[in-house]
Amino acid sequence: MAEEYKALIGGEWVGSTTGETMDVVNPATGDVVAKVAKCGTAEVDRAVQAARKAGPGWASKTVAERSKVLLNLSRIIMEHHEELAKLETLEHGSPIRKTMNFDVPLCAEQFEYFAGIARAMTGETLPVGPWCTSMTVREPLGVVALITPWNFPALMVVWKLGAALVTGNTCVVKPPSIAPLTTLKLVELAMEAGVPAGVVNVVTGPGETVGEALVSHPDVAKVGFTGDTATGKRIMSIASANVKQVGLELGGKNAFVVLPDADVDSAAEGAVWAAFFNSGQVCAAASRFYIHESIYDEFAEKMVALAVTLRVGDPRKMETVIGPLAYKEHRDKVEWYIESGRKSGAKLLLGGQRPDTDETRKGFFVAPTIFGDCRNDMEVMREEIFGPVAGLARFKTEEEAIGLVNDTPYGLSASLWTKDVRKGLALAGRINAGTVWINEHLIIFCDTPWGGCKQSGWGKDLSKMVLDEYTMTKHIYIDLTGERVKPWYGLLK
Ligand code: NDP
C-alpha cells in the first residue's frame with residue numbers, strides 16, 4: 001500500500017482541496033511507492049498568505065538566532081541520515097552509496113555553511129560627505145518561491161532554502177512532482193529544528209499549475225528556480241508581468257577538453273566521473289568531449305575500459321554505481337537521443353542499450369553509452385540529454401577547441417585537462433561558462449559560486465554571493481548638519 005504524503009501550509013499537513021493525488025514511482029522497479037497531494041492554485045494562495053503572515057516574526061529574529069536554527073537542522077539531518085538517504089534512493093533511483101555518502105552529508109554541511117556565512121553579512125558606510133551618514137543595510141525580500149528539479153531532490157532545495165531562510169525570508173517550496181518525498185521530510189525536520197510554522201511551506205503539484213501560480217502571485221517577491229531552460233524562459237516571461245526577481249539555474253551542455261599534454265589516465269577517469277555520476281542527470285555533467293587528435297584513440301580506449309566496469313543495478317545495493325534514470329519518459333527521451341546519435345553516424349563505442357539483468361529489467365535503466373567520431377552539429381553534441389551518454393570528438397588546434405566549446409547556447413561549465421596550468425588558465429578565460437575546472441570536472445563546494453551564463457541562466461547559488469540573491473540592499477541617508485542649507489540649495493534658490 002503506497003504511503004500518502006500531504007503538503008505543508010502554515011505548519012499544518014494538508015491534502016489538496018480536490019482530494020487529488022499524484023503517484024511517486026520507484027524508477028528501479030516501476031512500482032508506485034507513495035501518493036502525494038496534487039495541490040492547485042487555492043493551496044498556493046494559502047501557502048503564500050501563511051508565508052506572508054510568518055514573515056515579520058522571522059525577519060525580526062537576529063541572524064544569530066536564525067543561524068542557530070539552521071545548525072540544529074544540520075545536526076537533525078545527520079540523525080536521520082539513513083532514512084533520508086533511503087528515501088531519495090526510493091523516489092529517485094540514486095544509488096544508496098551516493099545518497100548516504102554524498103547527498104545527505106552535503107545537505108547537512110550546506111545548512112552549516114549558510115548558518116556561518118550569514119553571521120558575516122554586513123552593510124557598508126559610504127563616504128558621500130562630512131555632512132551626512134550614508135549607509136546600506138540588507139533586508140529580506142519577503143516571500144520567496146523556490147521551484148526545484150528532480151535530479152538531486154534534496155540538495156537542490158537545500159541550496160536555496162538555506163540561503164533564503166538565514167537571510168530572513170519566508171518560503172513556499174514547489175518540489176519536483178516525480179520526487180517530492182525528501183523535500184517533505186526535510187521540511188518536517190526543519191520544523192523540529194525550530195523553523196516556526198509558516199516560515200517554510202511546501203505545495204506539491206504540477207509545475208504548470210502550482211509552479212505558475214507561484215511565479216505569477218503578486219505577494220511572491222522572488223522566484224528561485226532550478227530546472228530546464230525552456231521552463232526558465234516561461235518563468236521569466238510570467239514574472240515580467242509584475243517585475244518579479246528571478247534566479248535561474250538552468251541547463252548545460254558541458255564540454256570536457258583534453259589537451260595533448262594531459263595526463264590521459266587521469267583525464268579518462270575524470271571523464272567517466274563527469275559523464276556518468278548520477279547517471280548523467282547532472283546539470284554540470286560533461287557530455288561533449290573534445291580530445292586532441294594525438295591522444296584521441298588512447299583516451300577513448302581508456303574511458304571505455306573504465307566505464308565498462310561501472311556496476312549498473314539495484315540502487316539499494318552499496319556496490320551499485322549507476323542506478324536507473326529518474327522516470328520512464330525521461331528514459332525514453334535519453335534512448336531517443338541514443339538513436340539519434342546512431343543515425344547521425346557517430347560510432348557507438350559502448351552501451352547504447354538497456355542493461356538486461358534481473359536487477360534492471362523492470363526499472364528505467366540505460367547503460368553508460370559512449371559515442372566516438374562525433375561532430376558538433378550532431379544532436380548528441382548539441383542537446384542537453386541529461387543521461388549517461390557521452391560524445392567524443394577530435395580537435396587539431398587550441399583555437400579550434402575553444403571555438404567548439406563556445407559553440408552552444410549554454411554556458412554552465414567546462415573543463416580543461418592539461419599539465420600546463422598557465423595555458424589552462426589562459427584558455428579558461430576564453431570559455432563562456434560560469435565555472436571552468438582545470439584538471440577536474442563536476443566538483444562543487446558550498447564556498448564557491450554556482451551559476452551559468454547564456455541560456456544556462458543567471459544568478460548564483462552557493463558561496464557568499466548567494467546572500468545578494470536573497471536580500472535587498474537598501475540605502476539609508478541621514479543628514480547630520482541639522483541645517484537648512486542642503487547640497488541642492490543653490491539649484492533651487
Ligand atoms: P523542469 O524545468 O521540468 O522542472 C523543474 C521544476 O519546475 C519542477 O518542480 C517542475 O514541476 C517545475 N515546473 C515545470 N513547469 C513549470 C512552469 N511552467 N512554471 C513553474 N514551474 C514549473 O526541470 P527538471 O525537473 O526536468 O530538471 C532538469 C533540468 O534542471 C535540467 O535541464 C538541468 O540541467 C537543470 N538543472 C540545472 C541546475 C543548475 O544548477 N544550473 C542544477 C540541476 C538541474 P513538475 O515537477 O511538477 O514538472
Side-chain angles (χ1 to χ4, degrees), residues 7 22-25 36-41 44 91-92 103 145-160 172-183 202-217 220 223-239 244 246-254 277-287 325-327 329-331 333-334 383-387 408-413 433-435 442 444 448-463 466 469:
M22 306 182 294
D23 289 345
V24 178
V25 173
V36 179
K38 186 176 180 183
C39 297
T41 52
V44 167
E91 68 173 347
H92 180 260
D103 299 272
L146 308 178
I147 304 180
T148 55
W150 50 260
N151 62 330
F152 291 88
L155 262 181
M156 291 298 100
V157 70
V158 169
W159 279 18
K160 297 186 189 310
V172 181
V173 180
K174 206 305 273 168
S177 295
I178 64 146
L181 306 184
T182 37
T183 301
V202 182
V203 184
T204 46
E208 294 77 22
T209 49
V210 166
E212 294 203 6
L214 275 170
V215 177
S216 58
H217 200 292
V220 168
V223 179
F225 173 75
T226 297
D228 195 62
T229 294
T231 315
K233 289 178 184 173
R234 171 96 185 125
I235 286 176
M236 261 179 86
S237 81
I238 299 172
K244 200 185 298 291
V246 289
L248 301 173
E249 300 294 345
L250 309 178
K253 186 70 187 173
N254 310 287
F277 175 60
N278 205 26
S279 301
Q281 301 168 120
V282 186
C283 54
S287 58
L325 296 180
Y327 59 104
E329 293 74 14
H330 184 52
R331 190 265 314 269
K333 189 178 115 186
V334 170
E383 307 275 330
E384 184 185 42
I385 300 174
F386 223 55
T408 172
Y410 295 108
L412 191 57
S413 68
T435 293
L442 198 49
I444 299 174
T448 53
W450 183 253
C453 61
K454 294 162 74 179
Q455 294 195 25
S456 292
W458 66 47
K460 297 291 178 194
D461 275 329
L462 305 179
S463 84
V466 81
E469 302 282 330

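As the structure lists them, so they are numbered: ligands from 1, and atoms in each ligand from 1. The figures that follow rest on heavy atoms only: side chains count, while hydrogens, waters and symmetry mates do not. Predicted, not measured: the structure shown is a model, and the values here were computed from it.
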Original post:
Asp228 heavy atoms, cut-off 4.0 Å: which ligand 1 atoms fall inside?
Top reply: 1 (P), 2 (O), 23 (O), 29 (C), 30 (O), 32 (O)
Original post:
Do Gln281 and His92 come close enough that some side-chain heavy atom pair is under 4.5 Å?
Top reply: yes
Subject >> Atoms in ligand 1 with a heavy atom of Pro175 nearer than 4.0 Å >> reply: 9 (O)
Subject >> Steps toward side-chain contact (heavy atoms from CB on, under 4.5 Å) verdict (Lys160, Glu469) >> reply: CA-CA 10 Å; Lys160 297 186 189 310; Glu469 302 282 330; over 6 Å; no
**OP:** Within a distance under 4.0 Å of any heavy atom of Met156, pick out the atoms of ligand 1 and give their elements.
**Re:** 42 (C), 43 (C)
**OP:** Look at the aromatic rings of Phe386 and His330 and report parallel, tilted or perpendicular, splitting at 30° and 60°.
**Re:** perpendicular
Subject >> ligand 1 atoms in contact with Glu212 (distance to a heavy atom under 4.0 Å) >> reply: 17 (C), 18 (N), 19 (N), 20 (C)
Subject >> Nearest protein heavy atom with distance in Å, relative to atom 16 (C) of ligand 1 >> reply: Thr231 CG2, 3.3 Å
Original post:
Which one holds for Leu214 and ligand 1: side chain close, backbone close, both close, or neither close, with close meaning a heavy atom under 4.0 Å?
Top reply: neither
Original post:
Short N/O distance, under 3.5 Å, between Thr229 and ligand 1?
Top reply: no
Subject >> Between CD on residue Glu208 and OG1 on residue Thr231, distance to nearest 0.5 Å >> reply: 8.0 Å
Original post:
Closest non-hydrogen protein atom to atom 12 (C) of ligand 1, residue and atom name please, with distance?
Top reply: Ile147 CG2, 3.7 Å
Original post:
Does Gly451 offer a backbone N or O that forms a donor-acceptor pair with the side chain of Lys460 under 3.5 Å?
Top reply: yes
Original post:
Should Gly207 be counted as touching ligand 1, given the test is an N or O pair under 3.5 Å?
Top reply: yes
Original post:
Does the protein place any heavy atom closer than 4.0 Å to atom 9 (O) of ligand 1?
Top reply: yes
Original post:
Considering only heavy atoms of Pro176, which atoms of ligand 1 have at least one such atom less than 4.0 Å away?
Top reply: 9 (O), 46 (O)
Original post:
Numbering the atoms of ligand 1 from 1, which are under 4.0 Å from a heavy atom of Gly205?
Top reply: 47 (O)
Original post:
Is it the side chain, the backbone, both or neither of Pro206 that has a heavy atom closer than 4.0 Å to ligand 1?
Top reply: backbone
Original post:
ligand 1 versus Asn151, non-hydrogen atoms closer than 4.0 Å: side chain, backbone, both, neither?
Top reply: side chain
Subject >> Ion pair check, Arg234 and Glu212, cut-off under 4.0 Å >> reply: yes
**OP:** List the steps and the verdict of side-chain contact (heavy atoms from CB on, under 4.5 Å) for Val44 and Lys174.
**Re:** CA-CA 9 Å; Val44 167; Lys174 206 305 273 168; over 6 Å; no
Original post:
What part of Phe152, side chain, backbone, both or neither, has a heavy atom within less than 4.0 angstrom of ligand 1?
Top reply: neither
Original post:
Under 3.5 Å between some N or O of ligand 1 and some N or O of Glu384?
Top reply: yes
Original post:
Counting heavy atoms only, which of Gly251, Gly227, Pro149 is nearest atom 35 (C) of ligand 1?
Top reply: Gly227
Original post:
Backbone or side chain, does any N or O of Trp450 fall under 3.5 Å from an N or O of ligand 1?
Top reply: yes
Original post:
Considering only heavy atoms from C-beta outward, does the side chain of Asp228 approach that of Glu384 to under 4.5 Å?
Top reply: yes
Subject >> Sidechain-backbone polar pair: Thr229 side chain, Gly251 backbone, donor-acceptor under 3.5 Å >> reply: yes
**OP:** Look at atom 42 (C) of ligand 1 and find which of Gly434, Ser216, Cys283 reaches it with the closest heavy atom.
**Re:** Cys283
**OP:** Could you tell me the separation between the CG atom of Asn151 and the CG atom of Leu325, rounded to the nearest 0.5 Å?
**Re:** 12.0 Å
Original post:
Given that the side chain starts at C-beta and the backbone is N, CA, C, O, which of these parts of Thr148 lies under 4.0 Å from ligand 1, counting heavy atoms, or is it both or neither?
Top reply: backbone
Original post:
Among protein heavy atoms, which sits nearest to atom 28 (C) of ligand 1, and what does the distance come to when rounded to 0.1 Å?
Top reply: Phe386 CE2, 3.6 Å
Original post:
Going by the atom numbers of ligand 1, which of them fall below 4.0 Å from some non-hydrogen atom of Ser177?
Top reply: 45 (P), 46 (O), 47 (O)
**OP:** Compute the ring centroids of Tyr327 and Trp150, then answer whether they are less than 6.0 Å apart.
**Re:** yes
**OP:** Could you list which atoms of ligand 1 come closer than 4.0 Å to a heavy atom of Trp150?
**Re:** 24 (P), 25 (O), 26 (O), 27 (O)
**OP:** Look only at interatomic distance and state if Lys174 has a nitrogen or oxygen under 3.5 Å from any nitrogen or oxygen of ligand 1.
**Re:** yes
